[in-house]
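Here the structure is laid out as structure tokens; the discussion comes afterwards.
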Amino acid sequence: MSIVVFTEKNKAASQIASILSGGHFNRASVESIPVYDFKMNGKEWRIMGLAGHIMGYDFPEQFNNWRECDPAVLLDTPPVKNVTKKPYAAAISLLASGAEEVVLACDFDREGENIGFEAKEIAERVASLPVKRARFSSLSASEIKNAFSNLVEPDYNMAMSAEARQILDLKMGAAFTRFMTLSVREKARTKGVISIGPCQTPTCGFVYEREKLIKNFKSKDFWKIEALLNSKGADFTGVHRAGNIHEKEKANEIFARIKDCKTGLVDKKSVKEARTNPPYPLNTTEFLKRASKFLGVSPEEALETAEQLYLSGFTSYPRTETNKYADDFDFKSKLVAFSSGIYQKYALTILSAGEITCRNGTKDGHDHPPIHPIKAASKDDIEKGVRMPNAWKIYDLVVRHFLANLMESAIFEKTRLEILVGGEIFDVTGSILTNPGWLDVYPFETKNDKLLPLIEEKDEVAVKELKNTKSETTPPKRLTEAELLTLMDKHGIGTKATAPSHIETNKKRGYFETKGKTIAILDTGFTLMDTLDATVPILVQPEIRARIESLIQDVEDGKKSLESALSEGTTLIKQMYSQLTSSKDAIAARMAGTIVDEQVATDKKNFVGTCPECGRMLHMIKTEKGRFVGCTGYPECKNTYPLPKAGVLTVLRSQQCEKGGVAVMKVGNKYNWAVGIGPCFTCDLEKKCFPPEIVGPCPVCDGSMFLITTKDSRFLGCTNRCGHTQSVPKSGRLTILDRLCEHCGWHILRVKEQKQDAEEFCANRKCSGK
DNA sequence: GCAAGGTC
């Protein structure tokens, strides 16, 4: 008879076997699953790793046909639990039948307790035997030994709280998803699924809320008074103390008082030292945010890459909440490993400083240490070991973060000047990085110097120019994936390991997409959120997760039984469900309009926009007589719009017509056409919608030079049509950069010829810098 | 075919 131990995963099983046996154990195989055997205190021990959950809930067979089952019925149907990983169940039965005792040694959290109970349930089917629990927060030798010499009772409440989560999530997800999918299919031909869930929906909700802010944003004018100052031959800029001034009269009044001033007086000067501390050690959430922000790698891909790096032994386990190192963490041997190769400089800096100090965070999930490198590797090693496109970049981030955490703070010297110009205060700031510290190893966060000439109080400075410039407030920016992860983390949506998958689900469903690092909501997602927001608002908000969380917390705390939590949760879901279904027709019609009809989807080029009459898709129709825009809902919807007779038509999907045209198209290379309105050149808003791409001031008149592209040529012309032109390179892809030439102030051009490196130069052929 | 949570 033996003592049988189940852990959450194989890695933990082998680790624990090694610790308890002092390294003297045998690796056996039961149903082709690794089992670690050894003897301790005269007893046989057998340790096996599970693979996370090995059981899962589903509805009974007869409820699985969507068409034949009213989704509402699911709310009153208890799901059943089945084994999803048969070999593990078989191995558990075999081990249990020869056991005198079972010890559950899964991770010390809700899901871990639940996974342990899955093994317990299977074991108890074949044998009646005592089941104990080993609780440990890390796989360190002392904790493991301590846990196994102080076994406790399994925590039934904790396991049942995870049970409640599983059942409520499934009921809600299945009922809502089926309802929405089936309702929409009555109105639009689609095989796609419109899914709703307690994590994915509020995740999309964050993106939707931001989109609304952007859509409803009304820009306001403001004025800013700036002074171009000069001292000892160096220019610098001061900003009037009033900052952004929202009343035009006030700005004009101030400006009138000072506009002829030629000198200013340094009234106050202060120099302060500012420190920027190194980042905390990496936990999963922080890692995913940084991979997205610094490397542009999606959370999903970053987690998968980190998993591969971990399995190949380059970095530590990537799923952890902890951002502090244990007291006995061995920094030294790792630093020694990095003291040759490309990180040498930094490793030696840390080692030579004497005592190694890390800057610890405050989160401790009692699970795994922060993500850190396990061994030093070259780019070549990584690329050979892990065949994923961003493996090296991710490894490099982990190493640099690890080193940065152990380095000194960065120190800046910040100078503030108050300069009086005509009695008005102008603020000037400058900063110099005096000691880069950790920033040296961390190129992802660049902090540029802002240099000032050496000036003292009571010095006089020259005023070269005073400007009173009008600007507009800009709408909020789209969320980045990093910001979305922050919001999810803050509101408890998903866990460290599942957050990327909820983002991925939303992308897969066509609710939003990523454009570079930012997230843009798509029609289907926006309409779904808008509909839910109007019918079941709680669903779009993080509150839905919080409600379920509080129910299951009560189960864990023993304040509620599993049964009463399930019944309360089901009541909540039923309320939401009836709110949703009460306006079924309206919802389905709105949603159907956003579904790209499969016929249209195969012919994406012809898809124009949404029909304002019925909400379905508009598409281009070509007949022998000509071409026009029609509705895919024809003959039910007879809405049409004319199109110009000649020219290649391209839908400008990024452009919106300010006057309510359904879409904007480019006609050949000639002009733009707003569908439902007509050619854009007849519209007084043309310049606003298609502002010329200005590269600099016209050297002849007071106009501006802008890029003119025709069918067979391109050149710079003047917005005043004064006749002045300049040439630009005729071939290659041309981009006007935001950066300005330091000699003449025109924009820099980038030209990229095929198979050649891009070249950058000043747009001004007559620039003094050449 | 539906959710979210483990891990491979």
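Below, chain A is the first sequence line, B the second, and so on; all start at residue 1.
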Counting side-chain heavy atoms from CB outward, which of dA3(B), dG5(B), dT7(B) is closest to Thr177(A)?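 Among dA3(B), dG5(B), dT7(B), the one nearest the side chain of Thr177(A) is dA3(B).
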Between dC8(B), dC2(B), dA4(B), which nucleotide has the shortest distance from any of its atoms to the side chain of Ala51(A)? dC8(B)
Figure out the [atom1]/[atom2] separation between [X] and [N], and round it to whole Å.
X         : N      : atom1 : atom2 : result
Gln166(A) : dC2(B) : CD    : P     : 17 Å
Ile503(A) : dA4(B) : CD1   : P     : 13 Å
Met488(A) : dG5(B) : CE    : C1'   : 13 Å
Ile115(A) : dA4(B) : CD1   : C1'   : 12 Å
Lys171(A) : dC2(B) : NZ    : C1'   : 15 Å
Asp169(A) : dA3(B) : CG    : P     : 10 Å
Glu504(A) : dA4(B) : CD    : P     : 14 Å
Trp66(A)  : dA3(B) : CH2   : P     : 8 Å

Compare side-chain N and O positions of [X] against OP1 and OP2 of [N] and report whether any pair is under 4.0 Å apart.
X         : N      : result
His53(A)  : dA4(B) : no
Ser195(A) : dA3(B) : yes
Tyr317(A) : dT7(B) : yes
Arg319(A) : dT7(B) : yes

May I ask you to say what [X] touches in the nucleic acid, namely base, sugar-phosphate or nothing, with a heavy-atom cut-off under 4.0 Å?
X         : result
Phe176(A) : nothing
Leu50(A)  : nothing
Gly494(A) : sugar-phosphate
Arg165(A) : base
Asn64(A)  : base
Pro71(A)  : nothing

Name every residue in residues 554-579 of chain A that has at least one heavy atom under 4.0 Å from any atom of DNA chain B, in order of residue number, or write none if there are no such residues.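 Within this stretch, nothing sits under 4.0 Å of the strand.
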Salt bridge flag under 4.0 Å for residues Glu513(A) and Lys507(A):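 No.
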Is any NZ, NE, NH1 or NH2 atom of the basic residue among Glu504(A) and Lys508(A) found under 4.0 Å from an Asp or Glu carboxylate oxygen of the other? no
Most 5' of Thr495(A) and Arg509(A) on DNA chain B, judged by nearest nucleotide: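 Upstream on the strand: Arg509(A).
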When you match Ala175(A) and Ile493(A) each to their closest nucleotide on DNA chain B, which lands nearer the 5' end?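 Of the two residues, Ala175(A) wins.
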Is it the case that Glu301(A) and Asn390(A) place a side-chain donor and acceptor less than 3.5 Å from each other? yes
Please tell me whether Tyr208(A) and Phe526(A) form a close aromatic pair, meaning their ring centres lie under 6.0 Å apart. yes
Please verify the inter-ring angle class for Phe329(A) with His372(A); under 30° counts as parallel, over 60° as perpendicular, anything in between as tilted.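 Judged by the thresholds at 30° and 60°, the geometry between Phe329(A) and His372(A) is perpendicular.
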Which of parallel (below 30°), tilted (30 to 60°) and perpendicular (above 60°) describes Tyr310(A) and Tyr317(A)?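 Tyr310(A) vs Tyr317(A) ring planes: perpendicular.
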What I want to check is whether an N or O donor and acceptor connect the side chain of Asp58(A) with the base of dC2(B) at under 3.5 Å. yes
Can you tell me if CD on Gln62(A) sees more than 12 non-hydrogen neighbours from other groups inside 6.0 Å?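 Above 12, so yes.
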Not counting sequence neighbours, which residues clear side chain to side chain donor-acceptor pair (under 3.5 Å) with Lys375(A)? List them please. none
